[in-house]
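What follows is a single structure, written as structure tokens, with notes after it.
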There are 2 protein chains.
Amino acid sequence: MIFKALASEPRRRILHHLLAEPMTVGEIADNFEMAMPSISRHLAILKQAGLVRERKRGQYMLYALVTDQLTGPLYDFLAPFCEQARAIVAARPRRRGRD
Amino acid sequence: MIFKALASEPRRRILHHLLAEPMTVGEIADNFEMAMPSISRHLAILKQAGLVRERKRGQYMLYALVTDQLTGPLYDFLAPFCEQARAIVAARPRRRGRD
DNA sequence: TAGCTAAATAGGAAAATATCTAAATGCAAG
DNA sequence: CTTGCATTTAGATATTTTCCTATTTAGCTA
């Protein structure tokens, strides 16, 4: 589900915001034009994908980034492609002339 | 568009197949239960996202992986999160007793 | 408890996606 | 130039996603 979760600009922006520090839903919502229920919904999707965790802080809900899915599964997906890219670079002949 | 392009299991599987070597649409389609027009559509989306390139080979169309978007923009997106994960690991106190 | 605030849920409308079948296009080879 | 194969485009439908407003839940504070 992580790829679907990331396939939304608002959600990627939310993650980026949380990079700095955990935030309440309201704090997050302040950075968006979207209504708060929509933010809440996006957070639920991110949570389901394991990209954030939530914690009750009095009457606030504090959302924090969780990097495990990004540094694990997503990185694992990406690795073979990077690998191949490296192979291509390595195989590229050195040029002496222009270009 | 790259994130949307990746938010589909068939499309991710197609990319994975192309990791081995360039393939025609028919060859790709052989690995799926999906009808060929659907595969063609997925390939168009991948192409628009810059994840594959196409080349006419006689009456066949040869599709090949392009890793630039993965090793560039996607990697750039991912990097700060990996960075933070590393920071968290570094800051974690050594434990002597139980948790 | 009553009133206030934060957040989540419900319900619904609009837009985007996925996938199929059928038809069109493009190339190749007799 | 006609026939055949590979691929794409069209058209249609079902599903999913997104985002809103209104309502509900939960906790704080007087």
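Naming convention: chains lettered A, B, ... in sequence-line order (proteins, then strands); numbering from 1 in each chain.
- Distance Arg57(B) CZ to dT7(D) P: 14 Å, rounded to the nearest Å.
- The phosphate of dC20(C) has OP1 or OP2 within less than 4.0 Å of a side-chain N or O from Ser38(B).
- Residue Gln59(A) is the one, among Leu43(A) and Gln59(A), whose nearest nucleotide of DNA chain C lies closer to the 5' end (criterion: closest heavy atom).
- Looking only at side-chain heavy atoms (C-beta outward), Ile45(A) and Arg11(A) come within less than 4.5 Å of each other.
- Summary of the strand contacts: Arg41(B) and Lys4(A) both lie near DNA chain D, and taking for each the nucleotide with the nearest heavy atom, the more 5' one is attributed to Arg41(B).
- Out of dA22(C), dT19(C), dA8(C), the shortest distance to the side chain of Glu54(A) is found at dA8(C).
- The distance from atom CD1 of Ile45(B) to atom P of dT7(D) is 18 Å, rounded to the nearest whole Å.
- Closest to the side chain of Met61(B), out of dC19(D), dA7(C), dT8(D), is dT8(D).
- Contacts of residues 7-21 of chain A with DNA chain C (heavy atom under 4.0 Å): none.
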Stepwise side chain to side chain contact (heavy atoms under 4.5 Å, CB included) test for Leu6(B) and Leu74(B): CA-CA 11 Å; Leu6(B) 292 176; Leu74(B) 179 53; 3.8 Å; yes

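- Rounded to an integer number of Å, the gap from Leu46(B) CG to dT8(D) P is 12 Å.
- Side-chain nitrogen and oxygen atoms of His42(B) include none within less than 4.0 Å of the OP1 or OP2 phosphate oxygen of dT17(C).
- The phosphate of dT8(D) (OP1 or OP2) has a side-chain N or O of Tyr63(B) nearer than 4.0 angstrom.
- Here the P atom of nucleotide dG27(D) and the CG atom of Leu62(A) are 16 Å apart, to the nearest Å.
- Glu9(A) and Arg12(A) are not joined by a salt bridge, as no carboxylate oxygen comes within less than 4.0 angstrom of a charged side-chain nitrogen.
- Phe32(A) carries Arg13(A) over the face of its six-membered ring, with the cationic atom under 6.0 Å from the centre and within 45° of the normal.
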Residues His42(A), Met34(A); criterion side chain to side chain contact (heavy atoms under 4.5 Å, CB included); working and verdict: CA-CA 11 Å; His42(A) 282 306; Met34(A) 219 174 290; 3.7 Å; yes

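- Gln48(A) places its CD atom 14 Å from the C1' atom of dT16(D), with the value rounded to the nearest Å.
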Chi angles and distances behind the side chain to side chain contact (heavy atoms under 4.5 Å, CB included) call for Tyr75(B), Tyr75(A): CA-CA 9 Å; Tyr75(B) 195 90; Tyr75(A) 195 89; 4.1 Å; yes

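- Side chain of Arg53(B) to main chain of Ala64(B): no donor-acceptor pair is present (N/O by atom type, distance under 3.5 Å, no hydrogens or angles).
- At least one side-chain heavy atom of Lys56(A) sits less than 4.5 Å from a side-chain heavy atom of Met61(A).
- Atom CD1 of Ile39(A) and atom C1' of dC19(D) are 11 Å apart (whole Å).
- In the region residues 22-35 of chain A, proximity to DNA chain C at under 4.0 angstrom, judged on heavy atoms, holds for Thr24(A), Val25(A), Gly26(A).
- Lys47(A) has its NZ atom 8 Å from the P atom of dA8(C), to the nearest Å.
- Taken from CG in Leu46(A) to CD1 in Ile39(A), the straight-line distance is 10.0 Å, to the nearest 0.5 Å.
- For Lys56(A), counting side-chain heavy atoms from C-beta on, the closest listed nucleotide (dT7(D), dA26(D), dA8(C)) is dA26(D).
- Rounded to whole Å, the distance from CE on Met36(A) to P on dT23(D) is 18 Å.
- The main-chain N or O of Thr67(A) is found under 3.5 Å from a side-chain atom of Thr71(A) such that the two form a donor-acceptor pair.
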